[in-house]
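Below is one structure, written out as structure tokens; the observations come after it.
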Amino acid sequence: MAKLSAIQKNLKRIKLVNKYSSKRSKLKKICSDKNLSIEERFNAQLKLSECPRNGAKIRLRNRCEVTGRPRGFYRKFKMSRIALREHALAGLIPGMVKSSW
């Protein structure tokens, strides 16, 4: 089990990303538009820098929903490799069986 503080910090970041996603995308679009004047683009860049850093999607960390483990993460199942194996062996994941040949 991961530290609860790390899990809570990531959940807080997820909320901030959802809150600021539309604002950040609009400002980034303005910043990258070459048809606008330099002043407008610079002002958009300043507003973007005023947004909280944790509102950026890149700051999120994929964590296992069962244990909170940050490494060995399978996106399809939203689980770490260890939790995935335990659930598969217990028969909790439909269609997944232990391979043997």
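The basis for the numbers below is simple: all heavy atoms, side chains too, and nothing from hydrogens, waters or symmetry mates.
- Inter-residue side-chain proximity for Phe42 and Lys47 is flagged as unmet; no heavy-atom pair is nearer than 4.5 Å.
- Going from atom CD1 of Ile93 over to atom CG of Leu84 covers 4.5 Å, rounded to the nearest 0.5 Å.
- Under the rule for a side-chain contact (heavy atoms from CB on, under 4.5 Å), the partners of Lys3 that lie at least two apart in sequence or sit in another chain are Ser5, Ala6.
- Expressed to the nearest 0.5 Å, how far CZ of Arg41 lies from CG of Asn35 amounts to 9.0 Å.
- Considering only residues two or more places apart in sequence or on other chains, Asn43 meets the side-chain contact (heavy atoms from CB on, under 4.5 Å) condition with Leu46.
- Closest heavy-atom contact between Ala83 and Cys64: CB-SG, 3.9 Å.
- Cluster partners of Leu36, using a side-chain heavy-atom cutoff of under 4.5 Å among ILVMFWY residues and allowing indirect links, are Ile30.
- Open room surrounds CD1 on Ile38; 12 or fewer heavy atoms of other groups in view lie less than 6.0 Å from it.
- Clustering of Ile, Leu, Val, Met, Phe, Trp and Tyr side chains at separations under 4.5 Å places Leu48 together with Leu27.
- The hydrophobic cluster containing Leu16, built from Ile/Leu/Val/Met/Phe/Trp/Tyr side-chain heavy atoms closer than 4.5 Å, also comprises Tyr20.
- Residue pairs satisfying the side chain to side chain donor-acceptor pair (under 3.5 Å) criterion with at least one member in residues 82-101, sequence neighbours excluded, are absent.
- Each side chain to side chain donor-acceptor pair (under 3.5 Å) pair with one or both residues in residues 51-75, not counting sequence neighbours, appears once here: Arg13-Asn54, Asn54-Arg59.
- Distance check: Lys26 NZ to Cys31 SG gives 14.0 Å after rounding to the nearest 0.5 Å.
- Across all non-hydrogen atoms, the minimal contact from Ala56 to Arg24 is CB-NH2, 3.6 Å.
- What you find for Ala2 and Gly68 is that their closest heavy atoms are CB-O, 3.3 Å.
- Under the 4.5 Å side-chain contact rule for hydrophobic residues, Val66 and Phe73 do not share a cluster.
- Residues passing the side-chain contact (heavy atoms from CB on, under 4.5 Å) test with Gln8 are Leu11, sequence neighbours excluded.
- Hydrophobic clustering, with ILVMFWY side chains joined whenever heavy atoms are under 4.5 angstrom apart, keeps Val97 apart from Ile82.
- Residues Met96 and Leu89 do not share a hydrophobic cluster, clusters being chains of Ile/Leu/Val/Met/Phe/Trp/Tyr side chains in contact below 4.5 Å.
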